[in-house]
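Down below is the structure, laid out as structure tokens.
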Amino acid sequence: MAAGATAAAAAIGPGTGGALSGALLVILAFVAAAVLALTTARRPAGRPLVYGASGIIAVAGFLCGVIGLFAAPATLTLPLGLPWIGAHFRLDALSAFFLAVVNLGGAAASLYAIGYGRHEPAPERVLPFFPAFLGAMNLVLVAGDAYTFLLGWELMSLASWAMVISHDRSAENLKAGFVYIVMATFGTLMLMLAFALLAGASGAYAFADMAGAPHGALVLGLALLGAGSKAGLVPLHVWLPLAHPAAPSHVSALMSGVMTKVAVYGFIRIVFDLAGPPAWWWGMPVLAAGGVTAVMGVLQAMLQADMKRVLAFSTIENIGIVFVGLGLALAFKGNGLEAAGALALTAGLFHALNHALFKSLLFFGAGAVLGATGARDLEQLGGLIHRMPVTGAVMLVGAAAISALPPLNGFASEWLTFQAILLSPALGPWGLKLLVPAVGALLALAAALAAACFVRLYGIAFLGRPRSGAAAEAHEVDSWSRAAMIGLALLCVLAGILPGPVIDALQQVVSPLMGARMPAQGEVAWLSIIPVGESRSSYNGLLVFLFIALSAGLAALLIHRLASRALRRAPAWDCGFPGDDPASQYTASSFAQPIRRVFASGLLRAREEVTMPPPGDMAPARIRLSEDDPAWRRLYTPLARAVAALSERADVLPHLTIRQYLGIVFAALVLLLLVLAIWP
């Protein structure tokens, strides 16, 4: 085995082989950083040392991903893991792209955590698991066999779970950790069964030996459940709004912006690469799940007053958008439309990258607000743009990007998704002809609601007057946190005004999976992008950016030159209400009330409880909102009751006789033989 590993290492050459070797060294470096954290976490220098080292290692991992994206695939086998299998590692364009995404998010989170981590009351509960979490995600991406993949997947789940419950004195945090680890275990089980079907009777657990499965539909369902539970597809999303608020903000950014992309990678690796050619209908369940997830996620985000819960539900919405792109790619490829499938897969991958950027930025901003005010509740914020101008500016960029406003990156990827939807008339089956436009309508609704959601979040938190003393006394965060947020904001702008180079780079991933690629965007004049043909549609983010900048500058110049220089002070118009109490402003609940009454009251069973002030009291009326996630009400609560009832009935098992035990074992053996006999 050792000789084989040496031969494999010599065969891969200096190109991508160097990137693969570098990626493995990055994983070892993250392990070393975790060990270092165990000895230095309680020391004052431990926090900047561990987070700084993690950031440097993540930058190295990002460079390995970029190099591997443009080079030939490389493989390596080491005598580790199971003796008869060994540990297989592989770096191709797909894993290299996600390697770059993961480590880019990891580098930003490490930089942010150098400053933000000083707010942690017990750093020893977070520091050792932070580099371990990053190393586990890297291990999943370079795994070349099912055993190594699942090992990295479980380590990723356990490390993130440990950080979710780092504040273990809170009952809510413990509940979040319990729900998260249960859903993670369920996802791992589903992926294990999917790999078992792909391995078949031969037990070929190496990805290179998996050439499709006779039960492709079952593999698709298991992959959708396994990866969907980690990504946050409805109804497997219930852990996100619990775990993200419980974890520290830099960990929330990693879990939401980065770890969910590892789940997307797992789905693509299994369904697009290992499961063989898709059937014509494979895209239908993925499309339906993506469309429902997008709408339900943003609707529930509109009901939240906690900033981090808003962002958690928004992650669910954006994961739905990504899976809509993946479902379209499966549908097009299964019907022989590889070029349209290349556009859809590009849109999904591009949005995965964009979501990693703007969602990490928004969680960093939420952490900055929490550090400055001690509050996440929107009803206790307000006026922060005057006290935290840098955070307010970058949060505005993130809110505009996630709302898919041009010329930012969220618009570019969602626009590509809609361009792929417009190609659906070429699909033959009537099921897809009806489903794709319906999903397109859901996606348009989700986009509109997302804009309203982030107008609400930004307006309530950063505009108006402070609603609490903590908001009135807020101050700007440290330079490390500001640097991380400014860097991500600039990337959101660059990816939006120059999407062509990103799209061309993604073709290294798309072409092997789809057998086709999008037209080269680098050859289009004026840095425009043309997804299909110039006669259909085109988009130029740079021109839109210049138009907005010049228009704003011209308006400011005209106002400055033409406005009266005479200064006149007068009381502001008070709409007939002379009080200047901040309670007279819009609240988060009142802002969302129209949308809540139209959509959420029926779908989510949201209930309002209005409190009216007594006669003569000028205080405004208050609305108390109670929401009920349909997944808890219709799925998990009945399931928990059934498990509890079954557990009570199973309580008799420890009291059986030896004859009864032998009878149960014999019956189970007969049942297993019958299943194997009729299994095709």
(Q) Any side-chain to backbone donor/acceptor pair from R376 onto L370? Under 3.5 Å, distance only. (A) no
Q | Aromatic ring proximity, centroids under 6.0 angstrom, Y112 and Y116 | A | yes
Q. Does the side chain of M255 come within less than 4.5 Å of F363's, by heavy atoms?
A. no
Q | W161 atom CH2: more than 12 heavy-atom contacts under 6.0 Å | A | no
(Q) Atom CZ of residue position F545 - does it have more than 12 heavy atoms of other residues, nucleotides or ligands inside 6.0 Å? (A) no
Q: May I ask you to decide if G115's main-chain N or O and R118's side chain share a donor-acceptor pair within less than 3.5 Å?
A: yes
Q | Non-hydrogen side-chain atoms of V322 and T260 separated by less than 4.5 Å | A | no
Q. Checking side-chain contact (heavy atoms from CB on, under 4.5 Å) for the pair V477/M485: CA distance, chi angles, key distance, verdict?
A. CA-CA 11 Å; V477 291; M485 292 188 290; 4.0 Å; yes
Q. Taking C-beta and beyond as the side chain, do N409 and L353 meet within less than 4.5 Å on heavy atoms?
A. no
Q) Does F418 CZ have over 12 foreign heavy atoms under 6.0 Å away? A) yes
Q.
Go through it in stages, so that I can follow the logic: the residues are L378 and M307, the test is side-chain contact (heavy atoms from CB on, under 4.5 Å), and I'd like the CA-CA distance, side-chain angles, deciding distance and then a yes or no.
A. CA-CA 7 Å; L378 291 174; M307 285 187 70; 3.5 Å; yes
Q: Fit a plane to each ring of H250 and Y51, take the angle between them on a 0 to 90° scale, and name the class: parallel (under 30°), tilted (30 to 60°) or perpendicular (over 60°).
A: perpendicular
Q.
How long is the straight-line distance from CD1 of I321 back to OG1 of T417, given to the nearest 0.5 Å?
A. 7.0 Å
Q) With S252, which of H244, K308, K359 fulfils side chain to side chain donor-acceptor pair (under 3.5 Å)? A) K308
Q. Between the main-chain N or O of H167 and the side-chain N or O of N173, is there a donor-acceptor pair closer than 3.5 Å?
A. yes
(Q) Suppose we call two aromatic rings close when their centres sit under 6.0 Å apart. Are Y458 and F454 close by that rule? (A) no
Q) Has the side chain of S403 got a donor or acceptor atom that lies under 3.5 Å from a matching backbone atom of L405? A) no
